[in-house]
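What follows is a short report on a single structure.
Throughout, protein chains are lettered first and strands after them, A, B, ... in sequence-line order, and every chain is numbered starting at 1.
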Amino acid sequence: MTAAPMSRPDRRRALGTAALLLPAYGWLLVTVFLPLGAMVVFSFLKTTPIGGSKPLVFTTHNYLAFIERPYLVDVAWTSLRLGFWTTLLCALIGLPAALALARATRGRFRQVLFLLTVLPFWTNGLVRTFSWTMLLREGGILDDALHLVWPSAGSIGLLYTFPAIVIGLVHAYLPYMILTCYLAVSSIEDGLIDAARSLGARGPAVFLTVILPLALPGLVSGAILIFVPVIGSFMEPRILGGRIGVTMGTVIEDQFTQAYNWPLGAALSFTMLGVVLVIFALFSSVLRGRLMPAAA
Amino acid sequence: MLDGVDARFEAGRLTSLLGPSGSGKTTLLRVIGGFVPPDAGRVLIGSADVTDVALWKRNIGMVFQSYALFPHMSVAQNVAYGLRRRGLRGAAVRAEVARALELVQLTGFDARRPKQLSGGQQQRVALARAVVTKPRVLLLDEPLSALDRRLRQEMQIELRRIQRESGLTTVFVTHDQEEALALSDRVAILDKGRILQEGAPADIYEHPKTVFAARFLGDVNLFTGPVTAGGVEAAGALIRTTTPMPPRGTTATLAVRPEKIDLVPPGAPVPPGNNIEAVLMEVVYAGAMSTFLLSAPGGIPLKVFSQNRTATHPEPGTRLRLAWSPEQTMLLEA
Amino acid sequence: MTLAGRILLGLVLLFLYAPIAVMVLMAFNASELYSLPMVPTLHWFEALAGNDKLLAASRNSVAIALATAVLATTLGTMAALALSRQAFWGRSLLQLLLLPPIAIPWLITGTAMLVFFFWTGIGRGLHAMILGHVALAIPYVVLVVGTGLRSLRADLEEAAVSLGSTPIHAFFAITLPLLAPSLIAAALFAFAVSLDQFVVSYFLATPGMSTLPVEIYSSIRKGFTPEINAISTLLLAASVGLFVVSAILTRMGGEPERR
């Protein structure tokens, strides 16, 4: 292709392409990109511009919230711990499950199992979270089941604890990890594992030297898909964590729905996004440097 | 992709565009069809200039490499598509479709879906769909490349018959030289966006102009050396040709096809014409014939095809005498 | 290895489905405190019929989901056609711009919409929720329709045009019918994304104009009633039905069978 001046049919085609793209991207501009831009502006405002025609005063004050309000550091730490445990548990369950799906099942049976693992995507997350409250609360279904087997046992009573939030979040995001790992793992051929065996690798060595490196892209994209929304989650901590479920997500939500401190909410949102990006930048450079020296 | 191509395709004949991938043969076909506009130059069908005529008004028939059969339509609907676009309806369409399906020997397949057909049958439907509208030009873009070898040979014969019966001016793109030679009235060899040579199949096979054309059309033995009185000095001998030679002292390349060379049995009289001595390196046995790989003085590799009339072969390492006639010796441009 | 793998898969599926199954069962259980043994009843579904607030919210949810399905499928399909048919300057950037609506936490997208819609006077309510839901659904539509388009050979349209169709006729006679399964799947996907959407609706709803998930959330925070189980069960059934239909249409059941 040379950079020749456009001929008439070329120009008409370019106009057609633009006409096809404009509605969708115009819509996204108004509903996503301009709002995110507006959020950036808002995060530098001194007060929420609701009612009255007070002049807008700009400040970087909102980004200093973590220094001025030390309890926010604890909240952020809770969110990071939630993100860490949820992602770790999803990886520990999701990768073996994906391997089992890819290697221990065949044909139609596998298709059905695969559909069953992605089906929860389509069900309402709110409803699924709520269903855990019935299982986890004191005197809930899990307690009933336990007492059937062991009548004198105490109550599990996990509801409104940190583990309850993690359980709910793992339940919500595990299908992502199974899906991404399955996509990575299903391309591993039997021949590859046979080859490793024929070269003298035993079970654990096959896993470490062949399966894990090939599954790594799936693990990484699964981790990103899980970690980011978990850090920003507010509905699961509220429902399953009750009073202890104070996270970045719930604090930000409060700024918009209770405290009406929109500038602070906006600043916290971007700080959170920034922290997540930094974590992933570090994470991916470590991965690239240590685990995948050969892969460019 | 194309560089100053000037090509003429004779009415009612089948012309092949033969070239390696990237030679511009498909681009040339798509320019003729109107799928891509030429940057410069004109496209004429008969005496009509169609350069600015939109593809859908050009009245061409095209058979695609993938056949491009409409998967949501039956065989009959596929074949009828072009007729309907030309405003035909009802019995007229049915009669034409029946005739086209008969031509490609698919009578009774009307209601099938493309998916229910074999590759060869899909090929025939694509052909019927392209010829049923009686296009002014029939364009075929490597239509046989997706078929296996045996089916491809069958379809070559079919294609030849259908083209003769319909009398359509046909342009056929292929990278397979045997296919081009077997099918065509005329063959045009393309390389790097240029037409190198054009002519009847036997003509371009027996008299290629360049080393590229000679090699692309089949195996060839090359002798490059200084021109002296009456021939070229190469492989420890003087090789002659009946073609007029360039002036003395220049370098020239002579060539001979492997099937033109005779292996002279030891002790037999040396025949007139060109003959050289070479060491047998290897014999590749292939049933009906064998390929002899030899090395001539100066390390020149040679190839000889020999019909297997007897079951015995000389051993590698044997010195053999090779002979062929100067008439069979071609002078090539580098 | 095979047996252990199957046991593990069984446990994972148990973990994924047990709470959902419990909730569905409890929707049919007479006890308000979810106590066992189960006494089957349809009482809670009957109670739903009298709950005007939930019914109104359900109607809103369906209306918004329908509008989202139509708008997102139309806009997304147009964009997918442009993005998958030809290479042009800036195409990869445009494809990259489809990620933020999916990848940025909905909490941030939703609050950003709240802030911006308030600022510009667009405000909250039905129209605002449709604006937001369509934005979230467009990337999925582009993905699903784009995949469908890629499986369609470009030479089919060329063949139609060589046989005398104008490009526009070829699009409607050849491309559109062949694309229909992808379009329906994309529309179902958009419908489901909207029907299940909670976060963005939560920030854009008004007290008089909310959706089913928003109402469920406020009911949960007020206190549990088995009515929520009943309406959640209905919502689940709708989602699962949509999923099954679109799975059949796109045959997204893992890899194709080996031959």
Side-chain angles (χ1 to χ4, degrees), chain A residues 13-14 17 20-21 23-25 27-28 30-32 34-36 38-39 42 93 96-97 99-101 103-104 107 110-111 113-117 119-120 122-128 130-135 141 144 171 174 186 228-229 232 234-235 239 249 252-253 256 262 265-266 269 273, chain C residues 1-2 5-6 8-9 12-13 15-16 19-20 22-23 26 34 36 75-76 78-79 81-82 86 88 94 97 100-101 103 105 107-109 111-116 119 131-132 134-135 138 192 196 198-199 203 213 216-217 220-221 224 228 232 235-236 239-240 242-243 247 253-255 257:
Chain A
R13 187 174 284 189
T17 302
L20 286 173
L21 289 170
Y25 282 91
W27 195 290
L28 290 180
V30 171
T31 55
V32 176
L34 286 180
L36 287 175
M39 276 275 266
F42 258 72
I93 304 170
L99 273 171
L101 196 58
R103 310 207 62 83
R110 179 195 304 189
Q111 286 190 17
L113 283 177
F114 180 79
L115 288 181
L116 279 176
T117 49
L119 176 60
W122 282 60
T123 60
N124 195 304
L126 191 59
V127 169
R128 285 194 281 145
F130 172 57
S131 66
W132 276 104
T133 63
M134 280 180 277
L135 283 164
I141 312 279
D144 286 352
H171 188 241
L174 180 59
S186 63
V228 175
F234 70 94
M235 172 262 283
I239 295 176
I252 292 170
E253 184 217 338
F256 285 94
W262 292 5
S269 293
L273 214 53
Chain C
M1 159 105 183
T2 303
R6 291 190 179 181
L8 174 74
L9 278 178
V12 166
L13 288 179
F15 170 68
L16 286 177
I20 300 175
V22 164
M23 195 192 59
M26 287 305 130
Y34 311 128
L36 295 171
L75 301 185
M78 288 165 70
L81 281 170
Q86 53 219 28
F88 53 86
L94 287 179
L97 284 180
L107 172 67
I108 295 177
T109 323
T111 51
M113 286 178 187
L114 171 67
V115 164
F116 182 73
W119 205 9
L131 275 173
V134 171
I138 281 176
D196 288 338
F198 160 65
V199 179
F203 290 108
I216 291 177
Y217 182 64
I220 293 171
R221 298 199 68 189
F224 314 120
I228 309 175
S232 298
L235 192 59
L236 276 178
S239 306
V240 171
L242 288 171
F243 172 81
E255 80 248 61
E257 302 226 7

**Request:** Examine whether an atom of C:V12 lies under 4.5 Å from a heavy atom of chain A, and if so say whether it belongs to the side chain, the backbone or both; otherwise answer neither.
**Result:** side chain
**Request:** Answer with side chain, backbone, both or neither: which region of A:L116 has an atom nearer than 4.5 Å to a non-hydrogen atom of chain C?
**Result:** both
**Item:** Residue list, side-chain contact (heavy atoms from CB on, under 4.5 Å) with A:T17, at least two apart or on another chain
**Value:** A:L21, C:A82, C:Q86, C:F88
**Asked** So how far is it from C:I228 CD1 to C:M26 CE, rounded to the nearest 0.5 Å?
**Response** 14.5 Å
**Message:** The criterion is side-chain contact (heavy atoms from CB on, under 4.5 Å); which residues satisfy it with A:P96, sequence neighbours excluded?
**Reply:** C:L8
**Request:** Please look at C:F15 and chain A and tell me whether the side chain, the backbone, both or neither of the residue comes under 4.5 angstrom of a heavy atom of that chain.
**Result:** both
**Fill in**
The interface call for C:L235 against chain A, heavy-atom contacts under 4.5 Å, is side chain
**Prompt:** Is it the backbone or the side chain of C:L13 that comes under 4.5 Å from a heavy atom of chain A, or both, or neither?
**Reply:** side chain
**Message:** So for A:L174, is it side chain, backbone, both, or neither that comes closer than 4.5 Å to the heavy atoms of chain C?
**Reply:** side chain
**Request:** Could you tell me how the ring of C:W119 sits relative to the ring of A:F42: parallel (under 30°), tilted (30 to 60°) or perpendicular (over 60°)?
**Result:** perpendicular
**Asked** A:L28, A:L119, A:L113: which one forms the most heavy-atom pairs within less than 4.5 Å of chain C?
**Response** A:L119
**Message:** A side-chain contact here means heavy atoms from C-beta on lying under 4.5 Å apart; do C:F116 and A:T31 qualify?
**Reply:** no
**Message:** Counting only non-hydrogen atoms closer than 4.5 Å, does C:I138 touch chain A with its backbone (N, CA, C, O), its side chain (CB onward), both, or neither?
**Reply:** side chain
**Asked** Going by the angle between their ring planes, with limits at 30° and 60°, are C:F198 and C:Y217 parallel, tilted or perpendicular?
**Response** tilted
